[in-house]
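Structure first, then comments.
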Amino acid sequence: MREKLDHFRGIPEYVIISAFQDALSLTTFLSVVTGVLIGIIIGAIPGLNAPMAMAVAIPLTFTMAPLAAIGMLVGVMKGGGFGGAVGAILLNTPGEPHSAATTLDGHPMAKAGKPHRALQTALYSSVAGDTCSDIVLILLAPTLTLFALKAGPVELSAILIISLTLIASLSGRSLAKGIFAAALGAFLATVGIDPETASPRFTFGFIEVFDGLPLAAVAIGILAVPEIFERLREGRTHRESTEEVSMSDGDDRMPFREWLGLRTAVLRGAGIGTTIGAMPGLGTTLAAFLSYTATKRFSKNPEKLGTGAPEGIAATESANSAVSGANLIPLLTLGIPGNLTAALLVGAFLIHGVTPGPLIFERDAQLVYGLFAAMMMANVLVLVLGSLGLRMFAMIVKVPPYLIYPIVLLLCVVGIYVSQGGFFAVWLMLGFATLGWFMLKLEISVVCFIIGLVLGPMIELSIRQSVILLSRNPMAIFEHPFALVLVVATPIVAWILVRDRQRLSDG
């Protein structure tokens with residue numbers, strides 16, 4: 001172990017230099033640009049969001065180099081973070097729950113004749129919050145990995161169990177439904193070849209699932225397709241009931257110097273978002289509303305918030321964007337995705353033969369530092385492309401949904417067919433679309449299901465190794481005090497979270 005730690009501390013400088021060269025190559029650059037554009041455009045369309053865009057984009061990355069593929073998905077994630085603000089500000093229609101906080105001041109400012117100012121405030125704040133969290137990720141992840149390397153299978157099992165419980169507790173309205181969704185995802189992760197006996201499990205003779213259920217088909221089926229059909233079923237009622245804002249020709253822009261006057265709200269939001277993002281399961285919605293509440297509490301004129309105050313937009317957008325970079329801290333150090341977008345990134349890593357976790361800095365250091373460079377590049381591209389395309393993105397949100405959704409559905413089917421090489425994956429996608437529709441109607445968390453599916457193999461392997469290490473003696477866990485503390489804390493923390501949520505709902 002000491003040799004591993006010494007090797008990890010001494011990552012050669014040429015590896016980091018080569019990683020940045022890889023990130024600046026034409027292929028990776030164009031992949032990140034494409035990802036950012038997809039993220040902004042999809043995020044701006046009401047009813048669509050960044051996780052759906054990432055699910056649709058995964059099949060496009062199968063033939064790419066690992067860094068280009070992951071860089072493209074990171075671009076989608078970051079572009080979608082800002083894209084959600086476009087619909088929230090111009091149409092008062094948040095594509096994701098966290099964008100609801102942006103509508104509180106963004107739409108009133110747009111209705112007051114300042115749509116450009118509102119969008120630019122959201123853009124600058126989103127990029128600033130994202131950049132701050134990326135810097136924290138780059139500085140902290142290698143250090144935290146040193147501690148993660150000291151954890152054995154028993155400790156890892158306890159960490160995975162409490163993380164999955166936290167996510168189940170905080171996703172959706174019901175702890176029972178969250179645990180059920182996570183357990184269902186973990187169970188379906190057992191489909192394929194048994195890692196210990198090398199015998200097929202639950203394959204029913206289909207060789208296409210010997211390597212497990214294809215994540216792209218499952219993710220698109222359970223995330224995108226049910227939402228598309230639901231929106232198509234609603235027809236034009238959503239659009240007709242939405243109050244649109246036209247982009248004025250007047251000079252209502254936000255000067256960068258004036259935006260700097262909002263730095264307190266931006267930095268506070270970035271700090272809140274980074275802290276929450278580093279904790280699995282808390283998510284962007286909590287970060288956005290906490291930041292908005294804190295800004296209103298410390299504001300000299302709190303009565304202005306909710307009437308079109310720029311600090312309200314800055315606080316929410318910096319916070320929810322800061323979560324994305326910080327979510328990669330538990331992903332890279334422990335292999336645990338903190339939210340849905342991080343879970344899809346784990347799937348992309350695995351597709352390209354890379355296993356997230358503490359050893360990733362030793363085995364794939366060049367890829368990791370290339371990813372860091374791609375993330376910073378994506379932030380710059382969001383700023384540049386977002387600034388150049390404000391008017392175009394405003395036109396996108398006015399496209400009738402009955403024209404957009406069939407095209408997206410066609411892309412889903414074609415992407416799965418091409419990437420998986422046959423109709424089996426398409427039928428599998430449609431099957432999970434049916435499951436996703438029932439989960440949507442029953443308010444069962446899709447987030448918990450996807451994360452359970454991604455973490456399932458890791459949980460199974462660590463538990464099996466723990467059983468062997470403990471010699472099938474449950475009392476042997478007392479020899480692992482850290483794991484014991486986490487096991488005892490898991491039900492207590494879940495009970496506290498559920499109790500507090502019930503108090504808030506009753507109040």
Side-chain angles (χ1 to χ4, degrees), residues 20 23 32 36 39-40 43 50 71 74-85 96 98-99 101-102 120-144 254 256-280 282-295 298 310-333 338-339 341-342 345 368-369 371-387:
F20 276 75
V32 177
V36 169
I40 295 177
V74 166
V76 173
M77 177 180 69
K78 291 179 177 290
F82 164 65
E96 294 190 70
H98 68 251
S99 297
T102 304
Q120 285 181 306
T121 302
L123 175 62
Y124 297 157
S125 303
S126 177
V127 172
D130 219 337
T131 303
C132 289
S133 68
D134 288 349
I135 293 173
V136 173
L137 166 69
I138 295 170
L139 295 177
L140 283 186
T143 303
L144 293 177
M254 166 68 77
F256 186 73
R257 181 177 300 178
E258 185 175 334
W259 175 81
L260 288 177
L262 305 173
R263 58 184 178 274
T264 302
V266 172
L267 292 176
R268 184 191 298 115
I272 292 173
T274 301
T275 303
I276 289 177
M279 303 177 186
L282 298 185
T284 54
T285 304
L286 178 62
F289 281 97
L290 273 182
S291 179
Y292 188 84
T293 302
T295 299
F298 293 106
E311 55 264 35
I313 303 174
T316 57
E317 284 301 308
S318 62
N320 65 49
S321 295
V323 172
S324 62
N327 261 319
L328 269 63
I329 295 176
L331 188 152
L332 293 177
T333 57
N339 64 359
T341 55
L345 279 179
V368 174
Y369 282 95
L371 171 62
F372 291 161
M375 293 175 70
M376 301 304 290
M377 184 196 307
N379 291 336
V380 176
L381 288 171
V382 170
L383 179 62
V384 173
L385 297 177
S387 299

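Here the structure is a predicted model, which means the values were calculated and not measured. Basis for what follows: all heavy atoms, side chains included, without hydrogens, waters or symmetry-related copies.
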Show the nearest heavy-atom pair for residues [X] and [Y], with the distance to one decimal.
X      : Y      : result
Pro310 : Thr121 : O-CG2, 3.6 Å
Val323 : Gly273 : CG2-O, 3.5 Å
Ala314 : Leu262 : CB-CD1, 4.1 Å
Ser291 : Gly269 : OG-CA, 3.3 Å
Ser324 : Asp130 : OG-OD1, 3.0 Å
Ser133 : Ser321 : OG-O, 4.3 Å

Practice task
Please test Thr274 against Leu137 for side chain to side chain contact (heavy atoms under 4.5 Å, CB included), starting from the C-alpha separation and ending with a verdict.
Solution key: CA-CA 9 Å; Thr274 301; Leu137 166 69; over 6 Å; no

Handout entry: Ile138 vs Met375 side-chain heavy atoms within contact, under 4.5 Å
Key =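 With C-beta onward as the side chain, the pair stays apart.
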
Problem - pair Thr264-Thr295: side-chain heavy atoms closer than 4.5 Å - result: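 They are not in side-chain contact.
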
Exercise for the section: Measure from the side-chain N and O atoms of Ser318 to the backbone N and O of Ala315, and report whether any donor-acceptor pair falls under 3.5 Å. Expected result: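 Such a contact is found between Ser318 side chain and Ala315 backbone.
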
Practice task
Report yes or no: does Thr316 contribute a side-chain atom to a donor-acceptor pair with the main-chain N or O of Ile313 at less than 3.5 Å?
Solution key: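 Such a contact is found between Thr316 side chain and Ile313 backbone.
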
When rounded to the nearest 0.5 angstrom, what is the spacing between [atom1] in [X] and [atom2] in [Y]?
X      : Y      : atom1 : atom2 : result
Phe372 : Met377 : CZ    : CE    : 14.5 Å
Glu317 : Tyr124 : CD    : OH    : 14.0 Å
Gln120 : Leu383 : CD    : CG    : 10.0 Å
Asn320 : Ile272 : CG    : CD1   : 12.0 Å

Exercise for the section: Hey, could you give me each pair passing salt bridge (Lys or Arg N to Asp or Glu O under 4.0 Å) that has a residue in residues 131-140? Not counting sequence neighbours. Expected result: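 Counting only pairs at least two positions apart or across chains, the salt bridge (Lys or Arg N to Asp or Glu O under 4.0 Å) contacts touching residues 131-140 are Lys78-Asp134.
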
Handout entry: Asn327/Leu345 under side chain to side chain contact (heavy atoms under 4.5 Å, CB included): CA gap, chis, key distance, verdict
Key = CA-CA 11 Å; Asn327 261 319; Leu345 279 179; over 6 Å; no

